[in-house]
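So that the names make sense, note that chain A is the first sequence line, chain B the second, and so on, each numbered from 1. None of these values were measured; they are calculated from a predicted model.
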Protein chains: 2
Amino acid sequence: MLISTRGRYALRVLVDMAEHQSAGYVPLKEIAERQEISEKYLESIVKSLVREGVLIGLRGKGGGYRLSKAPDQFVVRDILRLMEGTLAPVACMEQGSAPCPRAVDCRTRPLWQGLDTVIDEYLGRFTIEDLMNKGDAAYDYVI
Amino acid sequence: MLISTRGRYALRVLVDMAEHQSAGYVPLKEIAERQEISEKYLESIVKSLVREGVLIGLRGKGGGYRLSKAPDQFVVRDILRLMEGTLAPVACMEQGSAPCPRAVDCRTRPLWQGLDTVIDEYLGRFTIEDLMNKGDAAYDYVI
DNA sequence: CAAATTCCTATTGACATGTTGGGATATATG
DNA sequence: CATATATCCCAACATGTCAATAGGAATTTG
């Protein structure tokens, strides 16, 4: 599985927030209820998003979370990479992994390189705002 | 990680066999040595390939494995799906998984559907033969 | 029979994933 | 100040998958 629940939930949280951002800070409890995800689990996901500057948290009564930028400033690929660590479809495409000694005449390497690019480019074409506006975005791969 | 070592190794085994198929049955030991993969581990991978009819095994002295069809008859996507079980990038795109009750107005679902298609189409464009002929195949995604 | 080789079953260690629990700390309100 | 509301922080756990290894049974050739 390329993308785990962490990545999936993160996107849903961000879209939810984008759609309810008028209300200022949105408490996690509300999001958890709307999205039907355990609040405790969301906590750990949201913590990462705060650490990376995607969300801003405010403690105490009336507190909650809000987006640090406008929804169209968050590229889906970046959010996912942030949550998953890597979006490489295979271990040998992982950035920072020891370079494979067989790479020079590996028959499959070009295939993986192409796949990696395809995934990266696809996910780089959408922002949180695109996810909000259902029906607008074209999710086909067209060059 | 979308594709594990099982899928990666399987492709390398098949390409290796395609490149040495003139010799009739190729013993696993040779492939393991050439590919620098543990023979014991390859055993479990090759077993699946035999069960699915991709390879034909022959026991005893002079035995080994050979491809059941010509290299251009094996689509990379099919081989990988066979080894990995699924190539779905997210759980909710997995075939046979319980349909998500939130699917109707899920903001992220179309994104995953598009990603699933992109991956499927890309991997559907290559065969084992394409992997053999290095430099020939174009690994870019062009429509 | 002996050597080579596939087949089969089981086990292990390491790691990731999903989830839950118990507080400590900060903020707004009355 | 007291209280309710939230975010923060650390830890634990159950489950499952992945990669690899071990030991031997069955089959074929010479």
Side-chain angles (χ1 to χ4, degrees), chain A residues 1-10 12-13 17 23-33 35-68 80 83-92 94 97, chain B residues 1-10 12-13 17 23-33 35-66 68 80 83-86 88-92 94 97:
Chain A
M1 212 65 34
L2 184 67
I3 291 155
S4 69
T5 53
R6 281 181 65 83
R8 293 215 317 279
Y9 288 178
R12 280 170 58 184
V13 165
M17 269 174 187
Y25 286 86
V26 184
L28 195 57
K29 195 181 176 189
E30 281 184 25
I31 302 175
E33 276 169 11
Q35 297 293 323
E36 295 174 285
I37 303 173
S38 143
E39 184 180 350
K40 262 306 186 187
Y41 187 35
L42 272 193
E43 218 178 75
S44 74
I45 289 169
V46 158
K47 191 169 74 168
S48 305
L49 293 172
V50 169
R51 184 175 1 98
E52 303 289 339
V54 174
L55 291 181
I56 295 169
L58 180 67
R59 291 201 252 193
K61 203 167 184 174
Y65 297 94
R66 68 175 177 83
L67 296 174
S68 69
L80 289 177
M83 299 307 294
E84 302 290 338
T86 177
L87 292 180
V90 294
C92 58
E94 212 162 330
S97 72
Chain B
M1 211 64 35
L2 183 67
I3 290 155
S4 70
T5 52
R6 282 180 65 82
R8 294 213 317 280
Y9 289 177
R12 281 169 59 186
V13 165
M17 269 174 187
Y25 285 86
V26 183
L28 195 57
K29 196 181 175 187
E30 281 184 26
I31 302 174
E33 276 169 10
Q35 296 294 322
E36 294 174 288
I37 303 173
S38 143
E39 184 180 351
K40 265 304 186 188
Y41 187 37
L42 272 194
E43 220 179 74
S44 75
I45 289 169
V46 158
K47 190 170 74 168
S48 306
L49 293 172
V50 170
R51 185 175 1 97
E52 301 290 339
V54 174
L55 291 181
I56 295 170
L58 180 67
R59 290 201 251 193
K61 205 167 183 175
Y65 298 94
R66 67 175 179 81
S68 68
L80 289 177
M83 299 307 295
E84 303 291 338
T86 178
V90 295
C92 57
E94 212 162 331
S97 71

Starting the side chain at C-beta, find the nucleotide from [options] nearest to [X].
X	options	answer
B/Tyr65	C/dC7, D/dA6, C/dT20	C/dC7
A/Tyr41	D/dA19, C/dC7, C/dT19	C/dT19
B/Ser4	C/dT6, C/dG18, D/dC18	D/dC18
A/Leu28	D/dT7, D/dA19, C/dG18	D/dT7
B/Tyr9	C/dT6, D/dC8, D/dA20	D/dA20

For [X] and [Y], indicate whether the former's side chain and the latter's backbone hold a donor-acceptor pair under 3.5 Å.
X	Y	result
B/Glu84	B/Gly7	yes
B/Arg8	A/Val90	no
A/Glu39	A/Leu28	no

Between [atom2] of [N] and [atom1] of [X], the distance in whole Å:
X	N	atom1	atom2	value
B/Ile45	C/dC7	CD1	C1'	16 Å
B/Leu49	C/dC8	CG	P	14 Å
A/Glu94	D/dC18	CD	C1'	14 Å
A/Arg66	D/dT7	CZ	P	14 Å
B/Ile3	D/dC18	CD1	C1'	15 Å
B/Glu43	C/dC8	CD	C1'	9 Å
B/Glu39	C/dT5	CD	P	9 Å
B/Leu42	C/dC7	CG	C1'	15 Å

request  = Could you check whether B/Lys29 gets within reach of a base, just the sugar-phosphate, or nothing at all, counting any heavy atom under 4.0 Å?
outcome  = nothing
request  = By nearest nucleotide on DNA chain C, pick out whichever of A/Ser44 and B/Val50 is the more 5' one.
outcome  = B/Val50
remark   = By nearest-heavy-atom nucleotide on DNA chain C, the more 5' of B/Pro27 and A/Ile37 is B/Pro27
For the student: nearest non-hydrogen atoms of [X] and [Y], plus distance:
X	Y	answer
B/Val50	B/Tyr65	CG2-CE2, 3.6 Å
A/Arg6	A/Ser48	NH2-OG, 2.9 Å
A/Gly24	A/Arg66	O-CB, 4.1 Å

ask   = Looking only at side-chain N and O atoms, does A/Ser38 come under 4.0 Å of OP1 or OP2 in C/dG18?
value = no
key: Point-to-point distance, once rounded to the nearest 0.5 Å, from OH of B/Tyr9 to CE of B/Met83   = 12.0 Å
ask   = How long is the gap from CG on A/Leu87 to CE on B/Met1, to the nearest 0.5 Å?
value = 9.5 Å
What pairs of nitrogen or oxygen atoms, one from the protein and one from nucleotides 27-30 of chain D, lie under 3.5 Å apart?
residue	atom	partner	partner atom	Å
D/dT28	O2	B/Lys61	N	3.1

request  = Can you check whether any acceptor in the base of D/dG23 is under 3.5 Å from a donor in the side chain of B/Lys40, or vice versa?
outcome  = yes
